[in-house]
Each structure stands twice: as structure tokens, then as C-alpha cells.
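Written out below as C-alpha cells is the structure these notes cover.
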Amino acid sequence: MVPKIHKRGQRTIGLLCYLYGPGKAEEHVDPHLVASWDHGAPDPGRDPEVTYKQLQQLLDQPLALLAEDERPAKHVWHLSVRNGPTDRTLSDEEWGDVARRMVAAAGIDDPDQGSGCRWVAVRHADDHIHILATLVREDGNRPELDFDAVRVQAEARRLEEELGLRRLNPGDGTAAKRPTSAERHKAARQGRERTPREELRETVRRAVAGAENEKEFFDRLGDAGVLVRTRVAPSGDLLGYTVALPGDVNAQGEPVFYPGSKLGPDLSLPRIRERWSGRRTSQGAEQSVPSGPASARRRASTALWQAVLVMDGADDGVAAAYIAAAGEVLDALSKTSAAHTRRELRDAAFLFERASRSHVRAERGHDRALRQAARDLVYSGPALGRGEDGATTAMVIDAVFFLVTVAAHWHGKKAHAQQASAAQQAALHLRTAYRAASAQPMGVLAVRGRSLALPVLRRQVLRVREALPAELAEQVLAEAGWSALAATLADAEAAGYDATALLADAAARRELGSAESVSDVLVWRLRRAADLPADAQTMALPEGATASSGGAGPKAESPAAKGTQRRRR
């Protein structure tokens, strides 16, 4: 249940005409009252003898108790209450009870507080109602509406539980402003997948990802094709900015501009400048030269894993900085991703945006490596989705998945319900993106693993059982990704590493319980740690491998089965 307090208005009759009218797209069906201040207000929707003017005059009668100069400039209070698409349809009686409890919670008309304001609740759709109230009480006093939005949200959570509706997470005031219904209807008419506000939020976030200064940020916005206006003080100092989408105009044909702060609380110019406060100068050691997509993805993977490893023991401000910077990496990754992963990565970045903010203030500077990784991704160019850059895409998605999962746990411990939920939803999209990105490189590795000679394969089985706890070892040996892990262990051995120690360290570096495939995770950790090419096609066959890709070696589950047989003997 989503209650939303709209901007206060001046014309009661105007809002009544809209609520009882057909709607902007004929979406209003059977408009009628479900509740009112006196339980008996006349209803223009059900009584043809009643006019909108008559109802308006009754609602506005308390204004006459005040001198004209004492009346509020905007006396019309408007609240909409909407249920989700999966919620059951409430009856008129239930919606009437919802309305009475909402106006009481807001301070509009609480029976326990004496005479209240006059109000009506209109229903013109199955899933929502609108409440209109006049902001003068029956005794001529003004209602106390401080924190009315907070109170109606709390009442909505109670109603969800009592009415058996989908439970929403309580907010904390750090969410980005939601598109208005007018913006949603306009986007639908124009055939847009998202509203201009949402598209601009994504564009601005991508422009700021890894940016080092104002010039770079605004240059990126210009390159993205959005319209930009800046606000400059008489001294010449830049105070703020607004952006608009070309073609998104108002009734006068003028572009609709949005300030950064209205796109997201962290997208105002002062908040963006905070990100730059933690960076070194352009001559600093971390200034990088753009490289190919594969190198940038490998470096990003390393930076992400370093953040994962320190998150648990980090101070709250440091953890918040890592999470915010992870959002920049996701924005950069989605911007430069190949077609087969682009949609899922974009959706993951869109969802994680909510998880990147909380009331915990990020301590900038600790996020330097992650912001540099985002910058590298942007300037390395788009990945082709095959070869080494395609394989390193799977590697970096695997790493960012774990950081997003850690962020969800951190938010959960802090009781940041909306942020934790957003991170969990983003992780689901990252899983899907990983499957798409990893199918080809993991398939190549699996072929290499199946081509290993039996003595070489047995050596890798012994390594797994020596390096991992018994239960985890048997799980890995039974997974479909075991052949790819066997090939990776053989590659590490051929490169001169102690593959057993490398595997033990890779498994101990971070929990594996959230992994869909433990063997997949270990493959990428090993290939990153040993600096092995992510695309196994670029490597020579490991010692003891045959050129045949046919099933010369045992299948993925065979080592576990053979080990079980040996133990039984």
C-alpha cells in the first residue's frame, strides 16, 4: 500500500472535477465516494441531482470562519492511496476504513482530537482511492500536519498487515523522488519504457561514474545528448545544474528541466562534489591510461574483491563509501556491456541505485579504487562479449555480485529495509547476467577440463579434497562446473603456482554460501589470483591434455563418484 501526499492546491472544484472525471486516458471508472467527514456527504458520482459545486461548497464552508487574509493560500490537501498489482481488490467498505484511518493518522480528522477538517474519499479504480480535505478545522483552527507523510506511511504498514496485503519495506527518506502519475501517463503516451525523470537519473549517474571533476561530468552529459543548464552565482561560482531530455516538452513546447537533487538525493552538485573530494589530483598515482575492455574488467574485478574482503570489518562510513562506489561500477559496467548482458546489468544498476544511499554518510577517499575502476570501464570502451573481454565480463560480474550481496547483508544489519531489498533484487539480475556472460568461457574451460589425461585429472581431485573442507569438496566435485575448475587448476600448476595453496586461499577469502555454483566462483578467483587469461582459448593445452574435445576424460561428476567407490573399498 503506497500513500502519496500531493502538492497542496487552491481550487477544491478543480480537483473534484478531475477525480470524478474520465481521467487523462479514460482510466477513471465509476467514480464515487467511499467515505467522508460526516459519513453522509452528497456524492455526485451516484446521485445525479448533486453537483460538484455543491460538494465543493460543503467542503470549503470552514474557510468562512476565517477572515480572508487569515485563510491558507493553499487549502486543498490531497492524498492518494494505492495498492500493488498483486494485492486483492478491497471492497468499498474496506477502502472507506482505510480513508478514515489515513486522515486520522495524518492529523486531518482524528475522532479522538475533536472537530477535524472536512474531507471526502473518492474511488474511481479498483486499486486506489483519493482523499481530498480542506485545511481548516470545523472550529476555525488549522490542523497540525507536521510529519504527516511519515505518519500515513506508518499507518499503511499497519494496514498491510491487517488486510493481508503485500508488505512494503518502511522508507527512511533517502529514496529518489518517484515519477508522478502525470509523468507516467505522459511516458506511456509517448511509448517510453521509463519516464524522463528515470531516464535522466540513469544518464546522470552514468555521467558521474568515475568522473574526476565538473568539466568531465558536464562534458559526459553533453555527449549523452541531454540538455544542460547551469546556475551560476554573481561571483562566477557554479551553484547547480538542471537537465532535460530532447523532445520532452511542456504544454508551451519548452523542455522540461529537472534539478539534479530532484533526480536523486546524491545527484545534486554539492553531493557529486563530495565524490571528488576523496580523489587525488590528476598527477596522482592512480591516474590511469585507458586500456582495452578486458584489462579494465580484470582490474575492476580485483578492486571489487578487495572491497568485499574489507567490508565486514569496515567502519560504517567506509562501508557506505564502498557501496556507493559499487553503484558507480555497476553504472559503468551496464553502459559498456555487450548486447547479451546489457539489459540485465542495466536493470541491476537501476535497482542498486536505491541501495547506494542511506543516512550513513560515506567517508570519501576509501572508495578511490572502485571509482577508478568505474572510470577505467567507461574509458576502455564497450566490450564485444567474446574472447578475453567477454570472459573478463563474467569475471567482473561474479565479483560485483558478491559485493552487492555483502551490501544487502550490511543494510539488513542496519535495518535499512528498502536498501537491503533493492540490493537483493539487483543480485538476481546479476545472476542472470552472469549466466549469459559465462556460458561461452566456462564452456571452453569445461572442454579443456574433460580433455585432461586421467592422471592429471586425479591430481586435481586430490587437490580439491586437500584444500577444501570435506563437504564442500564433494559439492564442488559433483557440480557441472567441476571440469572448468579442473582445467583452471591445471593451468595454474603449469604457470608455476602451488595450485593447492592457491585453491585453499581462494576458498577461504570469502563465504561461498551465496554462490549458485561454487566451482564457477573458484574458477574466477583462481584465474584472477594467478593472472591467468580469462579466455582459456588463448592458452596452450595444459600438460597431459589431449587435443580431442570429445569425452576422453571423466564427466564432471565422475571424480566424486570414483572417490566414493575408493572409500568403500
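Note that these values count all heavy atoms, side chains included, but never hydrogens, waters or copies made by symmetry.
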Note to self: Restricting to non-hydrogen atoms, name the atom on Leu403 and the atom on Ala326 that form the minimum distance, rounded to 0.1 Å.
What the structure shows: CD2-CB, 3.6 Å
Notebook entry, point to check: Side chains of Arg361 and Asp316: does their closest heavy-atom pair fall under 4.5 Å?
Noted result: no
Note to self: Once rounded to the nearest 0.5 Å, what's the spacing between atom CG of Leu238 and atom NZ of Lys215?
What the structure shows: 14.0 Å
Notebook entry, point to check: Among side-chain atoms of Asp126 and Thr89, is any donor-acceptor pair under 3.5 angstrom?
Noted result: no
Margin query: Distance to the ring centre below 6.0 angstrom and angle to the axis at most 45 degrees; does that hold for Arg229 and Phe257?
Written below: yes
Notebook entry, point to check: What's the spacing between Glu516 CD and Tyr434 OH if we round to 0.5 Å?
Noted result: 9.0 Å
Next item on the list: May I ask you to decide if the ring planes of His78 and His6 are parallel, tilted or perpendicular, using 30° and 60° as cut-offs?
Entry: parallel
Margin query: Determine whether the aromatic ring centres of residues His411 and His409 are separated by less than 6.0 angstrom.
Written below: no
Check: Counting N and O atoms only, with roles assigned by atom type, does the side chain of Asn213 sit under 3.5 Å from a partner on the main chain of Glu216, one being a donor and the other an acceptor?
Finding: yes
Notebook entry, point to check: Does any N or O in the side chain of Asp398 come within less than 3.5 Å of the main-chain N or O of Val396, such that one atom is a donor and the other an acceptor?
Noted result: no
Next item on the list: Give a yes or no on whether a salt bridge exists between Arg151 and Glu155, defined as a side-chain N under 4.0 angstrom from a carboxylate O.
Entry: no
Margin query: Could you check whether His124 and His130 have their ring centres less than 6.0 Å apart?
Written below: yes
Checklist line | Value rounded to 0.5 Å, distance of CD in Glu202 from CG in Asp331 | finding: 7.5 Å
Margin query: Go through it in stages, so that I can follow the logic: the residues are Leu19 and Arg123, the test is side chain to side chain contact (heavy atoms under 4.5 Å, CB included), and I'd like the CA-CA distance, side-chain angles, deciding distance and then a yes or no.
Written below: CA-CA 8 Å; Leu19 297 180; Arg123 182 181 189 181; over 6 Å; no
Notebook entry, point to check: Hey, which of Val378, Leu430, Leu345 is the one that makes side-chain contact (heavy atoms from CB on, under 4.5 Å) with Leu333?
Noted result: Leu345
Next item on the list: Considering only NZ, NE, NH1 and NH2 on the basic side and carboxylate oxygens on the acidic side, decide whether Glu198 and Arg201 come within less than 4.0 Å.
Entry: no
Note to self: Is it the case that atom CZ in Arg178 sees more than 12 heavy atoms from other parts of the structure closer than 6.0 Å?
What the structure shows: no
Check: Trp37 and Asp109: side-chain donor and acceptor closer than 3.5 Å?
Finding: no
Notebook entry, point to check: Closest approach of Arg275 and Glu328, non-hydrogen atoms and distance?
Noted result: NH1-OE2, 3.2 Å
Note to self: Looking at Ala187, is its backbone amide N or carbonyl O close enough to the side chain of Thr195 to form a donor-acceptor pair, meaning the two atoms are under 3.5 Å apart?
What the structure shows: no
Checklist line | Heavy-atom neighbours of Arg343 CZ exceed 12 at 6.0 Å | finding: no
Check: Under the side chain to side chain contact (heavy atoms under 4.5 Å, CB included) criterion, do Asn83 and His128 qualify, and how do the steps go?
Finding: CA-CA 6 Å; Asn83 281 347; His128 70 278; over 6 Å; no
Note to self: Can you confirm if the aromatic rings of Tyr18 and His28 lie within a centre distance of less than 6.0 Å?
What the structure shows: yes
Next item on the list: For side chain to side chain contact (heavy atoms under 4.5 Å, CB included), just list the numbers for Leu245 and Leu227, CA-CA rounded to whole Å, side-chain angles, deciding distance to a tenth of an Å, and then say yes or no.
Entry: CA-CA 6 Å; Leu245 283 182; Leu227 306 178; over 6 Å; no
Notebook entry, point to check: Are any of the side-chain nitrogens in Asp60 or Arg118 under 4.0 Å away from the carboxylate oxygens of its partner?
Noted result: no
Check: Do other residues, nucleotides or ligands put more than 12 heavy atoms under 6.0 Å from Lys262 NZ?
Finding: no
Note to self: Using a 6.0 Å cut-off, check whether atom CD of Glu68 has over 12 heavy atoms from anything other than its own residue.
What the structure shows: no
Check: Is it true that a side-chain atom of Arg375 and a backbone atom of Ala211 form a donor plus acceptor pair closer than 3.5 Å?
Finding: no
Note to self: Other residues, nucleotides and ligands only: do more than 12 of their heavy atoms fall within 6.0 Å of CD on Gln61?
What the structure shows: yes
Margin query: Apply side-chain hydrogen bond (donor to acceptor under 3.5 Å, both in side chains) to residues Thr174 and Arg354 and explain how you reach the verdict.
Written below: CA-CA 8 Å; Thr174 63; Arg354 180 65 190 99; 3.0 Å; yes
Item checked: Check ion pair Glu344-Arg435 (N to O, under 4.0 angstrom) -> no
Next item on the list: Could you walk me through whether Leu165 and Arg88 pass the side chain to side chain contact (heavy atoms under 4.5 Å, CB included) test, one step at a time?
Entry: CA-CA 7 Å; Leu165 306 176; Arg88 67 181 178 86; 4.2 Å; yes
Next item on the list: Apply the salt bridge (Lys or Arg N to Asp or Glu O under 4.0 Å) test between Glu183 and each candidate in Arg197, Arg189, Lys177; give the one that qualifies.
Entry: Arg197
Next item on the list: For Val103 and Arg100, work out which heavy atoms get closest and say how close.
Entry: CG2-O, 3.2 Å
Note to self: Quick one, Ser36 and Asp38 - any side-chain contact, counting heavy atoms below 4.5 Å?
What the structure shows: yes
Notebook entry, point to check: Got a salt bridge between Glu212 and Arg371, using NZ or NE/NH1/NH2 to carboxylate O under 4.0 Å?
Noted result: no
Checklist line | Point-to-point distance, once rounded to the nearest 0.5 Å, from NZ of Lys74 to CZ of Arg11 | finding: 13.5 Å
Next item on the list: Would you please say whether a donor-acceptor pair under 3.5 Å links the side chains of Ser421 and Gln425?
Entry: yes
Next item on the list: Give a yes or no on whether the ring-centroid distance for Trp410 and His416 is below 6.0 angstrom.
Entry: yes
Check: Do we get Arg194 above Phe350's six-membered ring, with its NZ or CZ under 6.0 Å from the centre and within 45° of the axis?
Finding: yes
Notebook entry, point to check: What about Tyr20 and Tyr52, are their ring centers closer than 6.0 Å?
Noted result: yes
Margin query: If we ignore hydrogens and angles and just use 3.5 Å, is the side chain of Asp139 paired with the main-chain N or O of Asn141 as donor and acceptor?
Written below: yes
Item checked: Pair His32-Asp92, side-chain hydrogen bond (donor to acceptor under 3.5 Å, both in side chains): steps then yes or no -> CA-CA 10 Å; His32 60 280; Asp92 280 355; 2.9 Å; yes
Note to self: I'd like to know whether Asp127 forms a salt bridge (Lys or Arg N to Asp or Glu O under 4.0 Å) with Arg82, so could you lay out the CA-CA distance, the side-chain angles of the two residues, the decisive distance to 0.1 Å, and finally the verdict.
What the structure shows: CA-CA 6 Å; Asp127 63 349; Arg82 184 180 300 272; 3.5 Å; yes
Item checked: Polar side-chain atom of Gln419 near backbone of Arg357 as donor-acceptor pair, under 3.5 Å -> yes
Item checked: Test item: Pro44 and Thr51 side chains (from C-beta on) under 4.5 Å apart, heavy atoms -> no
Item checked: Asp248/Arg192 salt bridge by N-O under 4.0 Å criterion -> no
Check: For the residue pair Thr341 and Ala436, what are the closest heavy atoms and their distance?
Finding: CG2-CB, 4.1 Å
Notebook entry, point to check: Do any N or O atoms from the side chain of Arg101 and from the backbone of Val152 form a donor-acceptor pair under 3.5 angstrom?
Noted result: no
Margin query: Would you compute the distance between atom SG of Cys117 and atom CG of Leu135 and round it to the nearest 0.5 angstrom?
Written below: 6.0 Å
Notebook entry, point to check: Is the closest side-chain heavy-atom distance between Val76 and Gln10 below 4.5 Å?
Noted result: no
Check: Side chain of Arg142, backbone of Val136: donor and acceptor closer than 3.5 Å?
Finding: no
Margin query: Is there a side-chain contact between Val34 and Val122 in this structure, where contact means two heavy atoms from C-beta onward sitting under 4.5 Å apart?
Written below: no
Checklist line | Distance, nearest 0.5 Å, that separates NZ of Lys186 from CG of Asn250 | finding: 7.0 Å
